Amino acid sequence: MNKKAMASILGLCFIFILTAVFLANLFLPDKSFSEEENRVLQENPGFSLSSYMEGRLEKKLENYANDQFLLRNTFIKIKASSDVTLGKLEANGVYKCKDNYLMEGLTEPSDSFMKNTLSGLEKFKKQHKKLKMYFLLSPNAANILEDKLPATVRTADQDKYIDQFYKSIEKQGYTPVDVRDTLTAHADDTQIYYRTDHHWTTDGAFLAYKQLSKVMKLSDNVSYKRYVVKNDFRGTLASKSGFVNGKNDSITIYMPNKDKDYRNSVIYYSDTKKKTTEFYQLNNLETKDAYTVFGGSNHPMYTIKTPSKSSEKLLLIKDSYANSMIPFLSQNFREIVVVDPRYFFDNIDDIIEAEEITQVLFLYNANTFFEDNSLEMMLDA
């Protein structure tokens with residue numbers, strides 16, 4: 001076979017492969033969630049004139065192509081393995097840090113995000129002027145544990161963006177809950193973040209809860225016993241990066257010394273129509289994402305009815321950082337309505353009215369908050 005014929009065959013094979021990949025991407029059903037990265041994937045955004053005019057459609061289409069690409073997870077693993085083999089300190093946005101920590105870089109919010117989200121929050125507060133509203137924006141590990149990052153790494157100034165955001169919402173009538181000093185003060189004596197996962201630990205969440213209690217003037221007289229329920233946890237940052245850092249994590253849970261304080265609560269998941277009295281789903285400790293021990297998988301909305309003597313009813317608008325704090329909050333409210341804007345598509349105003357909400361708490365980690373527009377979309381619905 002001559003070179004010209006070989007080139008023709010190779011060219012046809014290349015065209016065939018591209019066509020096959022294109023058709024597969026076109027007709028295979030979209031995936032909504034990545035277990036490896038523990039995040040929501042961009043599904044087909046469709047077309048709307050408003051999103052096109054605001055410039056959001058182009059970004060969503062780009063994210064859609066990246067998130068739904070055929071064999072995406074396989075290619076991510078191949079790249080991560082290659083980076084590890086070459087001795088790199090960064091793989092798929094994850095840094096190999098001191099003391100066996102893996103950390104993500106810090107997100108820089110766009111001007112349009114800040115403008116649109118602040119506009120939605122302002123509108124929401126004006127609609128519910130009588131409700132006390134609080135906003136806890138948790139810093140990420142690369143902020144609080146910055147000294148553990150590789151010396152050559154320079155991340156976004158997360159403190160600057162948190163300060164700007166807090167200043168803006170305070171003018172709108174929200175009460176910011178700043179936990180940065182609290183977490184920093186305990187960074188040397190407490191493991192605040194998992195080494196292999198992007199979440200804070202239960203110990204970190206408890207420190208933040210203590211600060212939140214002061215700001216919200218919540219009763220803080222419950223004593224807890226701390227239990228280690230898993231010693232070999234490897235989280236999403238380990239999966240995403242491919243780094244073997246030589247150190248697994250422990251997962252802990254806190255139980256009140258008065259067991260009845262938890263057991264008499266009833267949790268109802270509206271999407272699955274299931275009820276439980278268990279805040280901690282211990283069976284999930286053996287699954288890939290053991291962090292789902294805190295409340296299970298992501299739900300659009302669920303309600304928690306407690307035996308608390310308080311008459312207050314809390315609307316908690318959150319991402320997964322809130323999951324490990326919810327058992328603590330249950331001691332302070334008669335009812336908690338938990339909403340995750342990434343999956344919630346109903347009218348939030350109707351929920352406030354139907355459930356007779358008296359207080360609202362937004363709880364996010366800064367990285368997730370600054371790169372996700374689901375809150376803006378929910379508030380503008």
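All values derive from a computational prediction rather than experimental measurement.
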Which atom pair, heavy atoms only, marks the closest approach of [X] to [Y]?
X    : Y    : result
Y194 : S250 : CE2-O, 3.4 Å
I267 : E278 : CD1-O, 3.5 Å
H198 : S320 : NE2-OG, 4.4 Å
A366 : I162 : CB-CD1, 4.2 Å

[X] [atom1] to [Y] [atom2] distance, which is reported to the nearest 0.5 Å:
X    : Y    : atom1 : atom2 : result
E104 : N367 : CD    : CG    : 6.0 Å
L137 : I169 : CG    : CD1   : 8.0 Å
Y302 : S270 : OH    : OG    : 11.0 Å
Y95  : L237 : OH    : CG    : 12.5 Å
N221 : Q331 : CG    : CD    : 9.0 Å
L136 : Y209 : CG    : OH    : 13.0 Å

So, do [X] and [Y] have ring centers that fall under 6.0 Å from each other?
X    : Y    : result
H199 : Y291 : yes
F328 : F206 : yes
Y364 : Y321 : no
Y101 : Y193 : no

Output yes when a side-chain donor or acceptor of [X] lies under 3.5 Å from a complementary backbone atom of [Y], and no otherwise.
X    : Y    : result
T202 : T252 : yes
T196 : G235 : yes
R334 : T306 : yes
S330 : P327 : yes
N116 : S112 : yes
N248 : N231 : no
Y134 : L212 : no
T190 : I192 : no
Y174 : L121 : yes
N284 : T287 : no

Let me have the donor-acceptor pairs involving side chains of residues 143-150, under 3.5 Å, with sequence neighbours excluded, atom names and distances please.
{"residue": "N143", "atom": "ND2", "partner": "Q158", "partner atom": "OE1", "Å": "3.1"}
{"residue": "N143", "atom": "ND2", "partner": "D159", "partner atom": "OD1", "Å": "3.0"}
{"residue": "K148", "atom": "NZ", "partner": "D99", "partner atom": "OD2", "Å": "2.6"}

Item checked: Stepwise side-chain hydrogen bond (donor to acceptor under 3.5 Å, both in side chains) check, T358 with E312 -> CA-CA 6 Å; T358 61; E312 298 290 314; 2.8 Å; yes
Check: Are V222 and M325 grouped together when hydrophobic residues (ILVMFWY) are joined by side-chain heavy atoms under 4.5 angstrom apart?
Finding: yes
Counting only heavy atoms not in [X] (residues, nucleotides, ligands), do more than 12 fall under 6.0 Å from its [atom1]?
X    : atom1 : result
Q127 : CD    : yes
D181 : CG    : no
N283 : CG    : no
K305 : NZ    : no

Item checked: side chain to side chain contact (heavy atoms under 4.5 Å, CB included) between F345 and M377, worked out -> CA-CA 9 Å; F345 301 107; M377 294 173 67; over 6 Å; no
Note to self: Going by ring-ring contact (aromatic ring centres under 6.0 Å, His included), F113 matches just one of Y161, F369, F165. Which one?
What the structure shows: F369
Next item on the list: Classify the ring geometry between F135 and F362 as parallel (under 30°), tilted (30 to 60°) or perpendicular (over 60°).
Entry: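 Geometry flag for F362 against F135: parallel rings.
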Next item on the list: Start with the C-alpha gap between V337 and L314, add the side-chain angles, then the distance that decides, and say whether side chain to side chain contact (heavy atoms under 4.5 Å, CB included) holds.
Entry: CA-CA 6 Å; V337 180; L314 178 71; over 6 Å; no
Item checked: From CA spacing to verdict: salt bridge (charged side-chain N to carboxylate O under 4.0 Å, His left out), R234, D232 -> CA-CA 6 Å; R234 291 193 64 78; D232 58 351; over 6 Å; no
Margin query: Ignoring hydrogens and geometry beyond distance, is a side-chain donor-acceptor pair present between T236 and D197 at under 3.5 Å?
Written below: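 Yes, side-chain donor-acceptor contact under 3.5 Å.
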Notebook entry, point to check: Are N365 and T368 close enough that a side-chain donor and a side-chain acceptor fall under 3.5 Å?
Noted result: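 Distance-only check passes for N365 and T368.
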Notebook entry, point to check: For R226 and D203, what are the C-alpha separation, side-chain angles and deciding distance, and is it a side chain to side chain contact (heavy atoms under 4.5 Å, CB included)?
Noted result: CA-CA 9 Å; R226 182 178 179 274; D203 298 325; 2.9 Å; yes
Next item on the list: With side chain to side chain contact (heavy atoms under 4.5 Å, CB included) as the test, would you mind laying out the steps for D271 and Y343 before giving the verdict?
Entry: CA-CA 10 Å; D271 56 335; Y343 311 98; over 6 Å; no
Check: Is any NZ, NE, NH1 or NH2 atom of the basic residue among E122 and K171 found under 4.0 Å from an Asp or Glu carboxylate oxygen of the other?
Finding: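 No, this pair does not count.
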